[in-house]
Student: 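Got a structure for you, written out below as structure tokens; questions coming shortly.
Just so you know, these numbers come straight off a predicted model, no measurement behind them. Within every chain, numbering begins at 1; the chains are lettered A, B, ... in the order of the sequence lines, protein sequences first and strands thereafter. As a basis for the values below, the full set of heavy atoms in this structure was taken, side chains included, without hydrogen atoms, waters or symmetry mates.
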There are 2 protein chains.
Amino acid sequence: MKATLQTIADELGVSRSTVSNAYSRPDQLSPELRARILSAAQRLGYAGPNPTARSLRSGKVNAIGVLLTDNLSMAFTDPYAVAYLRGLAEAASARETSLLLLNLPKDEAAGRRVISNAAVDAFCLYCVPDWHSALELVRSRGVPVVIGEDPQAFGPEASYVGIDERAAARRLGEHIVNLGHRDIAVVAHWIVDDGVTTQVHADPDDLRYYVTGERVRGFRDAALAAGVPWERVVLINAAGNQREEGAQAAAHALDRLDRATAILCTSDVLALGVLDALRVRGLQAGRDVSVTGFDDIPEAEAAGLTTIRQPSVERGRLAGELLLDPPEDPALRRLTLPVSLVVRSTTGPNTAKEKS
Amino acid sequence: MKATLQTIADELGVSRSTVSNAYSRPDQLSPELRARILSAAQRLGYAGPNPTARSLRSGKVNAIGVLLTDNLSMAFTDPYAVAYLRGLAEAASARETSLLLLNLPKDEAAGRRVISNAAVDAFCLYCVPDWHSALELVRSRGVPVVIGEDPQAFGPEASYVGIDERAAARRLGEHIVNLGHRDIAVVAHWIVDDGVTTQVHADPDDLRYYVTGERVRGFRDAALAAGVPWERVVLINAAGNQREEGAQAAAHALDRLDRATAILCTSDVLALGVLDALRVRGLQAGRDVSVTGFDDIPEAEAAGLTTIRQPSVERGRLAGELLLDPPEDPALRRLTLPVSLVVRSTTGPNTAKEKS
DNA sequence: TTGAAAGCGTTACCAT
DNA sequence: ATGGTAACGCTTTCAA
């Protein structure tokens with residue numbers, strides 16, 4: 001039989017409460033007795049209070065649930081996601097809290113079960129394409145929630161840590177149009193989720209994935225402000241946020257007579273792929289074609305990528321802190337962090353011959 | 001007040017058991033009643049049975065605890081670790097089980113608390129430098145354990161999925177000596193953990209970190225078999241398993257008169273760093289200096305790295321399966337997976353002038 | 001098909 | 001400083 005609190009209590013002839021206190025409230029009993037209890041526990045192979053029972057009673061689990069879309073490999077592969085999770089984990093770990101990675105399967109019923117069964121004190125929702133049904137369930141769990149992307153995704157009761165995606169993208173776009181570029185292509189991931197990387201015609205106001213939507217709208221803001229009609233911009237869907245997809249997507253902007261002179265990407269990863277595509281074609285970034293990314297991941301610097309630097313780790317860390325130490329003032333539970341435009345060598349003046 | 005099973009039961013005038021069955025045993029009640037219960041639950045904002053209470057009663061948590069050393073950023077950054085976790089997550093997800101990431105803080109008491117408090121059905125231990133005290137606690141938890149690296153780390157009651165690290169390294173070493181190399185450097189991570197990347201003199205039989213130890217011993221096996229005394233091999237400690245450390249480490253092998261003609265690394269990541277270092281110095285890998293890695297991470301192919309291919313994702317997946325569906329036969333709970341030598345362009349014949 | 005009763009192992013609270 | 005008692009919310013017999 002597995003040892004329980006009672007086992008130890010009986011062994012020493014003390015009460016359960018006392019044994020419990022030995023673990024949870026060391027100041028409530030004499031050090032001497034506590035030492036005896038602990039050593040008896042060791043001797044009997046008692047690992048300490050059963051975590052589940054403790055949680056049931058105390059109402060605390062010491063875990064944050066992190067909802068991840070289907071293949072959570074992405075969470076481990078995408079540099080932005082990795083940075084975010086790292087920040088989140090740091091905040092959690094500092095409070096002896098762990099992360100419960102919840103991998104939502106494709107099957108909706110199974111996904112609901114995963115959420116319902118998750119023993120957590122709070123949920124962190126980031127990188128949420130569209131799990132409407134999941135959101136509702138999360139809400140009914142009644143635990144604190146922090147949103148990592150779309151500030152509207154959950155309603156005002158959720159904490160939020162993000163950036164102004166649209167304004168940031170607009171700054172990139174302005175940088176590009178100010179350099180004289182008018183033949184612009186936009187490479188964006190998950191515009192449509194049919195898994196195909198190709199040019200698409202989509203209304204920026206009608207994109208499903210919030211982050212991409214905002215960034216594309218920001219690009220459009222800049223284009224329109226410079227008198228470039230949106231119809232003139234070539235929009236390319238990248239099936240995934242991966243370097244290879246970026247390279248593939250770039251083909252649709254480069255291998256045509258009216259080649260784009262600037263390619264705006266919704267992420268650094270895609271932009272690195274675009275740079276690969278340029279290299280293959282003997283084109284020089286910043287001279288022949290300008291390229292921008294988004295995020296400022298570590299690899300961006302070496303690649304000389306012009307991009308938006310955003311505090312990815314900080315986003316995760318703050319998310320964790322809001323969940324575990326929510327500030328009194330509700331206003332402080334909704335944070336929009338600053339970003340900065342980092343101009344490097346992949347962008348330069350438009351040198352292409354003027355077209356009609 | 002939060003809704004519970006009882007709330008729903010009272011609302012409908014049925015018993016708790018029936019409501020419970022509606023969730024856990026749909027076949028135990030009429031579909032019609034079940035539908036009424038579910039809709040009442042929805043209406044009252046009941047998210048389903050409380051996971052903690054359910055776990056306490058049923059003894060199952062649907063979570064695997066993954067022990068990670070101090071900064072779990074590594075788990076998200078190291079390509080091998082990422083692959084392993086992905087496999088583990090796949091296996092878990094297929095069984096509606098989640099991963100609880102347990103970040104062991106430096107403080108030992110805190111670490112013990114984290115382990116004691118973890119509500120999990122099983123533990124996965126991989127990448128375990130030395131948490132002796134943690135191991136003992138994990139054992140006393142009395143749940144299934146799978147070991148990811150050192151088959152001896154826990155005793156025979158633990159499942160194990162690994163590779164023959166030493167034999168694999170030996171094959172790399174043999175490849176190198178067969179190419180005529182005699183001036184060999186070994187770049188290994190965590191030989192000593194003083195955080196310094198520099199040449200060290202360490203007894204391969206006496207290394208703390210199992211994986212590095214075995215790989216270095218494998219290299220030594222090959223050297224000795226070819227008549228190269230171990231004293232002639234330059235051993236360099238990389239402070240961490242990161243590309244930059246590899247580059248730094250390489251300096252100690254390259255920037256000296258008796259430059260090594262071959263550099264064996266304990267990981268692909270380090271090897272990529274070594275290749276960086278060669279490039280900076282105008283040396284060509286495979287011609288001027290041969291370089292080998294270990295793991296065959298995705299980037300290895302593009303870099304033309306000669307390495308050992310090991311089934312990283314599979315290791316994780318099998319670990320998860322052993323934990324969740326342990327085979328009857330204990331022999332099947334200890335798996336040593338095959339690896340293969342992948343020869344690419346970073347290794348070539350020794351072309352250096354013979355030395356005395 | 002449904003319900004009543006007995007815990008699961010702990011902690012909170014109040015006494016002593 | 002220590003102990004007794006009552007939950008925490010559920011699942012699991014077993015009986016109806």
Side-chain angles (χ1 to χ4, degrees), chain A residues 1-38 40-41 44-62 113 116-121 140-143, chain B residues 1-38 40-41 44-62 113 116-121 140-143:
Chain A
M1 199 200 82
K2 272 224 80 182
T4 70
L5 262 190
Q6 190 71 254
T7 318
I8 313 298
D10 291 349
E11 172 81 7
L12 266 53
V14 300
S15 80
R16 284 182 310 196
S17 323
T18 302
V19 179
S20 174
N21 284 336
Y23 286 96
S24 309
R25 310 190 156 177
D27 52 319
Q28 295 293 300
L29 71 174
S30 65
E32 184 254 338
L33 177 53
R34 184 171 125 94
R36 270 174 58 217
I37 291 176
L38 261 32
L44 299 177
Y46 177 65
N50 176 313
T52 309
R54 182 205 282 260
S55 296
L56 176 60
R57 187 59 242 238
S58 69
K60 206 153 175 304
V61 183
N62 285 309
R113 252 174 285 141
S116 299
N117 279 326
V120 297
D121 301 316
S140 67
R141 283 292 304 269
V143 299
Chain B
M1 199 201 84
K2 271 223 82 182
T4 72
L5 261 191
Q6 191 71 253
T7 317
I8 313 298
D10 290 350
E11 172 81 8
L12 266 52
V14 300
S15 80
R16 283 184 312 198
S17 332
T18 303
V19 181
S20 174
N21 283 336
Y23 286 95
S24 309
R25 310 190 156 178
D27 52 319
Q28 295 294 299
L29 71 174
S30 66
E32 185 254 337
L33 177 53
R34 183 171 126 93
R36 271 175 56 220
I37 291 176
L38 261 33
L44 300 176
Y46 177 65
N50 176 311
T52 310
R54 183 206 281 263
S55 295
L56 176 59
R57 187 61 238 241
S58 68
K60 206 153 176 303
V61 184
N62 285 310
R113 250 174 286 140
S116 300
N117 279 326
V120 296
D121 301 316
S140 68
R141 283 292 304 269
V143 299

Student: What distance do A:Ser24 atom OG and B:Arg113 atom CZ have between them, rounded to the nearest 0.5 Å?
Tutor: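 One gets 11.0 Å once the value is rounded to the nearest 0.5 Å.
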
Student: Would you kindly compare A:Asn50 and B:Pro31 by the position of their nearest DNA chain C nucleotide and give the one closer to the 5′ end?
Tutor: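 Nearer the 5' end of the strand: B:Pro31.
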
Student: For A:Glu32 and D:dT2, what is the distance between atoms CD and P respectively, to the nearest whole Å?
Tutor: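 Distance, rounded to whole Å: 8 Å.
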
Student: For D:dG9, take OP1 and OP2 only and decide whether either is under 4.0 Å from a side-chain N or O of B:Thr4.
Tutor: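 So the side-chain polar atoms of B:Thr4 never come under 4.0 Å of the phosphate oxygens OP1 or OP2 of D:dG9.
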
Student: Salt bridge (charged side-chain N to carboxylate O under 4.0 Å, His left out): which pairs involve residues 17-26 of chain A, sequence neighbours left out?
Tutor: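 Qualifying pairs, neighbours excluded: none.
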
Student: Using atom OH of A:Tyr46 as one end and atom P of C:dG9 as the other, report the distance to the nearest whole Å.
Tutor: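 The answer, rounded to whole Å, is 10 Å.
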
Student: Taking only the side-chain nitrogens and oxygens of B:Ser15, find out if one of them lies under 4.0 Å from OP1 or OP2 of C:dG3.
Tutor: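 Checking C:dG3 against B:Ser15, a side-chain N or O does come within under 4.0 Å of OP1 or OP2.
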
Student: How is B:Leu56 classified with respect to the nucleic acid when contacts are heavy atoms under 4.0 Å: base, sugar-phosphate, or nothing?
Tutor: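 Base, at least one base atom sits under 4.0 Å.
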
Student: Write down the distance between CD (A:Gln6) and P (C:dC8), rounded to a whole number of angstrom.
Tutor: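 After rounding, the gap between these two atoms is 10 Å.
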
Student: With rounding to the nearest 0.5 angstrom, report the CD1 to CD distance, A:Ile8 to A:Gln6.
Tutor: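 Rounded to the nearest 0.5 Å, the CD1-CD separation comes out at 10.0 Å.
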
Student: Rounded at 0.5 Å granularity, tell me how far CZ in A:Arg16 sits from CG in A:Asn21.
Tutor: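 These two atoms lie 12.5 Å from each other.
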
Student: Check whether any side-chain N or O of A:Asp121 sits under 3.5 Å from a backbone N or O of A:Lys60 as a donor-acceptor pair, and report yes or no.
Tutor: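 No; zero donor-acceptor contacts below 3.5 Å.
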
Student: Dot-bracket, DNA chain D: Watson-Crick or G-U, under 3.5 angstrom, [ ] crossing, | other strand?
Tutor: ||||||||||||||||

Student: How close or far is atom P of C:dT10 from atom NZ of A:Lys60, stated in whole angstroms?
Tutor: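 So the NZ-P distance, A:Lys60 to C:dT10, works out to 18 Å.
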
Student: Find every protein N or O atom lying less than 3.5 Å from an N or O atom of nucleotides 12-16 of chain D, and list the pairs.
Tutor:
{"residue": "D:dT12", "atom": "OP2", "partner": "B:Arg25", "partner atom": "NH2", "Å": "3.4"}
{"residue": "D:dT12", "atom": "O4", "partner": "B:Ser17", "partner atom": "OG", "Å": "3.4"}

Student: Compare every heavy atom of A:Pro51 with every heavy atom of B:Arg141, then report the nearest pair and how far apart it is.
Tutor: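 For B:Arg141 and A:Pro51, the tightest heavy-atom pair comes out as NH2-CG, 3.6 Å.
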
Student: Rounded to whole Å, please give me the gap between CZ in A:Arg54 and C1' in C:dT11.
Tutor: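 Value for this atom pair: 9 Å.
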
Student: Mind checking the CD1-OH spacing from A:Ile37 to A:Tyr46? Nearest 0.5 Å is all I need.
Tutor: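 Separation between the atoms: 10.5 Å.
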
Student: Using 0.5 Å steps for rounding, measure from the CG atom of B:Leu5 to the OG atom of B:Ser15.
Tutor: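 One finds 9.5 Å between CG of B:Leu5 and OG of B:Ser15.
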
Student: Distance from A:Asn117 atom CG to B:Asn50 atom CG, nearest 0.5 Å?
Tutor: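 Between atom CG of A:Asn117 and atom CG of B:Asn50 there are 10.5 Å.
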
Student: Can you tell me if the side-chain N/O atoms of B:Tyr23 get under 4.0 Å from OP1 or OP2 in D:dG9?
Tutor: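 No, B:Tyr23 has no side-chain N/O under 4.0 Å of OP1/OP2 on D:dG9.
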
Student: Of the nucleotides D:dG3, C:dT2, D:dC8, which has the atom closest to the A:Thr18 side chain?
Tutor: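 Given the options D:dG3, C:dT2, D:dC8, the side chain of A:Thr18 is closest to D:dG3.
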
Student: I want to check one thing: is the phosphate of C:dT2, taken as OP1 and OP2, less than 4.0 Å away from some side-chain N or O of B:Ser30?
Tutor: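 Checking C:dT2 against B:Ser30, a side-chain N or O does come within under 4.0 Å of OP1 or OP2.
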
Student: Whole Å only: how far is the CG atom of A:Asn117 from the C1' atom of D:dT11?
Tutor: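 Distance check: A:Asn117 CG to D:dT11 C1' gives 13 Å.
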
